[in-house]
Engineer: 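The structure's right below; bear with me while I get my questions together.
The analysis underlying the following values was restricted to heavy atoms, covering all of them including side chains, and did not include hydrogens, waters or symmetry mates.
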Amino acid sequence: MQLEELQSRNGVEPPGVDEENLGHPSEQPPKTPKKLTLIPLIFLIYFEVAGGPYGEEPAVQAAGPLLALLGFLLFPFIWSVPEALITAELSTAFPGNGGFVIWAERAFGPFFGSLMGSWKFLSGVINIAAFPVLCVDYLEKIIHPLESGWPRHISILISTLILSFVNYTGLAIVGWAAVLLGVISLSPFIIMSLIAIPKIQPHRWLSLGQKGVKRDWNLFFNTLFWNLNFWDNVSTLAGEVDKPQKTFPRALLVAVVFTCLAYLVPLFAVIGAVSVDQRDWGSGFHADAAEMIAGKWLKVWIEVGAVLSAIGLFEAQLSSCAYQLEGMANLAILPKLFGSRSKWFNTPWVGILLSTLITIGMSYMDFTDIISSANFLYSLGMLLEFSSFVWLRRKLPEIKRPYRVPLRIPGLVLMCLIPSAFLVVIMVIATKIVYLVSGLMTVGAIGWYFLMKFCRENKVLNYSVAEDEEER
C-alpha cells in the first residue's frame with residue numbers, strides 16, 4: 001500500500017487507475033481532450049528540436065566544412081542521445097504535464113522545481129522568439145521591404161499573434177499540422193540532395209576552412225547546441241500523450257534518427273556540390289545553394305519551406321511552454337490561474353497568452369543574442385536536470401519505470417558528465433550581454449519563487465493542493 005501511495009504521489013499510475021487521467025489536476029473539465037498518438041508526437045519532437053536543416057549553415061561559416069560535418073555527426077551521440085534517454089525514462093516514470101519541473105521537484109524540492117521551471121520556460125520563450133525572426137530572414141530575400149524598419153517589425157508581430165491563435169485551437173491540431181509541415185518543408189532538401197549527387201566532390205568534405213577566415217568557436221558551438229537541443233521539452237506534454245509509457249520511448253528513438261539525417265544529408269550534399277566563400281555560409285545559405293544546384297524554383301521552395309518550418313517550430317515549442325506552466329500550477333509552484341483551460345478548445349490559454357507576450361518582447365533582440373541567451377539558461381536547467389535524473393535513481397529506486405536506461409548509477413553519472421562538460425563550455429564562451437541577461441533572469445527566478453511562497457503561505461492567491469503538500 002505504501003508503494004502505491006508513493007507511486008501516486010510521484011505521478012506514476014498505480015494499479016486500477018485510468019491512464020486517461022494521468023497528469024491532470026483532480027478538477028478536470030468534463031470534456032476529454034484528444035490524446036497525442038505516435039506519428040504526431042514524433043513530428044512534435046522533431047519540431048521541438050530541429051524543424052529541418054534551416055539554421056545549420058553558420059556552423060560551416062564558423063569552423064569550416066569538416067568540423068561542421070563532424071559536429072553534426074558526433075554531437076548527437078554526445079548530447080542528443082543522452083538527453084533523449086533521460087527524457088524517455090523520466091517521462092514514463094512521471095507522466096504528467098510539467099515534465100522536467102516535476103523531476104526537479106521530486107528530486108530536490110519545490111525551490112529547485114521552481115528554478116528549473118523558470119530557467120526552462122525563459123529559455124523556451126526566448127527560443128520561440130527566434131522563429132519569427134528566422135522566418136522573416138528567409139522571406140526578406142523575396143520581399144525586400146522586410147529587411148528593416150516598421151514592415152519587418154509589423155510582420156514579426158502579426159505572424160506571432162496568428163501562430164499563437166493556432167496553438168490555442170488544440171494540441172491534436174498542432175500535432176497533425178506538424179506532420180504536414182514536416183513533410184512539405186523537408187521535401188525540397190531531399191530533391192536538392194538527389195540533384196546534387198553528380199556534382200559532389202568528396203575532397204570538399206575534408207576542408208578545414210578557408211585561409212584567412214578565423215574560427216568562431218562561440219558561433220560554432222552555439223549553432224550545434226541550438227540545432228540539437230530541447231529534446232526534453234516534449235516531456236511537458238506527457239499528460240496529453242496516449243499511452244505515454246509505450247509511446248514516448250518509440251517516438252524519441254525515431255525522432256533522434258530522423259532529426260540527425262535531416263541535418264546531415266543536405267549538409268553533405270551542399271558542401272560537396274557547391275564551392276563558395278566560407279563567409280557566405282550564413283543563415284539562409286541553403287536557399288542560395290539550391291539555386292546554384294537546381295535553379296531559382298528550388299530556392300523559392302526552400303524559402304517557403306523555411307517559413308513552414310518556422311511555423312512548426314513555433315507551434316511545438318509554444319505548446320511545451322504553455323503546458324509546462326499548467327504543470328507548475330498543478331504542483332502549486334504557480335497560482336491555480338496558470339492551469340486554466342479554455343472552455344472552447346481545452347487548451348491552457350493563460351500559458352499560451354503569457355508565452356506569446358514574452359515572445360513578442362524578445363523577438364526584437366539580435367538573433368545571435370537570442371540563441372546565446374536561450375542556450376545559457378537552458379544549460380543551467382540541463383545541469384539541474386542531469387542531477388535530478390541521477391538523484392531520483394538513488395532516492396526513488398522502487399518507482400516503476402516503464403522505460404529504464406540500462407545503466408547503474410556510476411554509468412549514469414558518466415553518461416551525464418560528458419554532455420555536462422559541453423554545457424560548461426557553452427556557458428564559459430558566452431558574451432557579456434548573455435551573462436547579464438541570464439544573470440538578471442536567474443535573480444528574477446529566485447525572487448519569483450519567494451514571492452510565490454509568500455503568496456501561497458498568506459493565501460494572497462489561489463493555489464492547487466499539491467498531493468505531497470504535507471511533506472513540504
Side-chain angles (χ1 to χ4, degrees), residues 42-43 45-85 134 181-209 219-231 251-276 278 280-290 292-294 298 301-302 305-306 308-309 312-313 371 418-419 422:
I42 290 171
F43 278 87
I45 295 172
Y46 170 66
F47 277 112
E48 294 279 8
V49 177
Y54 306 100
E56 70 175 348
E57 304 100 325
V60 179
Q61 182 187 67
L66 179 60
L67 291 179
L69 290 169
L70 288 175
F72 281 98
L73 274 169
L74 300 177
F75 192 71
F77 295 97
I78 297 171
W79 177 258
S80 301
V81 171
E83 189 182 2
L85 290 173
L134 188 62
L181 292 171
V183 171
I184 295 176
S185 63
L186 276 176
S187 296
F189 288 99
I190 297 172
I191 294 173
M192 179 178 69
S193 299
L194 291 173
I195 295 175
I197 291 175
K199 303 178 182 182
I200 289 175
Q201 297 182 29
H203 72 271
R204 292 174 178 165
W205 296 335
L206 305 178
S207 172
L208 289 171
L219 178 61
F220 177 70
F221 285 118
N222 273 295
T223 300
L224 289 177
F225 193 48
W226 186 67
N227 279 282
L228 287 164
N229 66 5
F230 292 98
W231 291 97
L252 282 162
L253 173 62
V254 174
V256 167
V257 176
F258 182 41
T259 299
C260 293
L261 289 176
Y263 278 126
L264 283 168
V265 172
L267 196 60
F268 270 103
V270 174
I271 289 175
V274 173
S275 178
V276 295
Q278 183 179 327
D280 291 340
W281 278 81
S283 293
F285 175 72
H286 274 319
D288 296 328
M292 299 175 195
I293 293 170
L298 191 57
W301 191 355
I302 283 184
L308 298 178
S309 175
L313 287 159
I371 294 175
I418 296 174
F422 183 81

Engineer: Between Pro58 and Phe285, is there a side-chain heavy-atom distance shorter than 4.5 Å?
Structural biologist: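 The answer is no, as the side chains (C-beta and beyond) never meet within the 4.5 Å cut-off.
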
Engineer: Are any non-hydrogen side-chain atoms of Val256 and Trp231 less than 4.5 angstrom apart?
Structural biologist: yes

Engineer: Can you check whether Pro53 reaches Leu264 side chain to side chain, under 4.5 Å on heavy atoms?
Structural biologist: no

Engineer: Roughly how far, to the nearest 0.5 Å, is CZ of Phe422 from CH2 of Trp79?
Structural biologist: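 Reported value, rounded in 0.5 Å steps: 8.0 Å.
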
Engineer: Say whether, by atom type as modelled, one donor and one acceptor occur between the side chain of Glu83 and the main chain of Val81 under 3.5 angstrom.
Structural biologist: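 A pair under 3.5 Å: no.
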
Engineer: Could you go step by step and tell me if Phe220 and Leu224 meet the side-chain contact (heavy atoms from CB on, under 4.5 Å) rule?
Structural biologist: CA-CA 6 Å; Phe220 177 70; Leu224 289 177; 3.7 Å; yes

Engineer: Pro65 versus Trp281: any side-chain heavy-atom pair under 4.5 Å?
Structural biologist: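 Pro65 vs Trp281: side chains apart.
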
Engineer: Rounded at 0.5 Å granularity, tell me how far CG in Leu67 sits from OG in Ser207.
Structural biologist: 9.5 Å

Engineer: How about Met292 and Val276: do any of their side-chain heavy atoms sit closer than 4.5 Å?
Structural biologist: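 Yes, at least one pair of side-chain atoms sits under 4.5 Å.
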
Engineer: Between Leu181 and Phe43, is there a side-chain heavy-atom distance shorter than 4.5 Å?
Structural biologist: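 They are not in contact (no side-chain heavy atoms under 4.5 Å apart), so the answer is no.
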
Engineer: Begin from the C-alpha positions of Trp301 and Ile191 and carry the test side-chain contact (heavy atoms from CB on, under 4.5 Å) through to its verdict.
Structural biologist: CA-CA 11 Å; Trp301 191 355; Ile191 294 173; 3.2 Å; yes

Engineer: Is the distance from the ring center of Tyr54 to that of Phe189 below 6.0 Å?
Structural biologist: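 Distance test on ring centres: under 6.0 Å, yes.
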
Engineer: Would you say the side chain of Phe230 lies within less than 4.5 Å of the side chain of Leu313, judging by non-hydrogen atoms?
Structural biologist: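 No - every pair of side-chain heavy atoms lies 4.5 Å or more apart.
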
Engineer: Check whether any side-chain N or O of Thr223 sits under 3.5 Å from a backbone N or O of Leu219 as a donor-acceptor pair, and report yes or no.
Structural biologist: yes

Engineer: Do any N or O atoms from the side chain of Gln61 and from the backbone of Gln278 form a donor-acceptor pair under 3.5 angstrom?
Structural biologist: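 No.
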
Engineer: Could you tell me whether the side chain of Val60 reaches within less than 4.5 Å of the side chain of Ile271, counting heavy atoms only?
Structural biologist: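 Ile271 reaches Val60 side chain to side chain.
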
Engineer: Under 3.5 Å, is there a donor-acceptor pair between the side chain of Tyr263 and the main chain of Asn227?
Structural biologist: yes

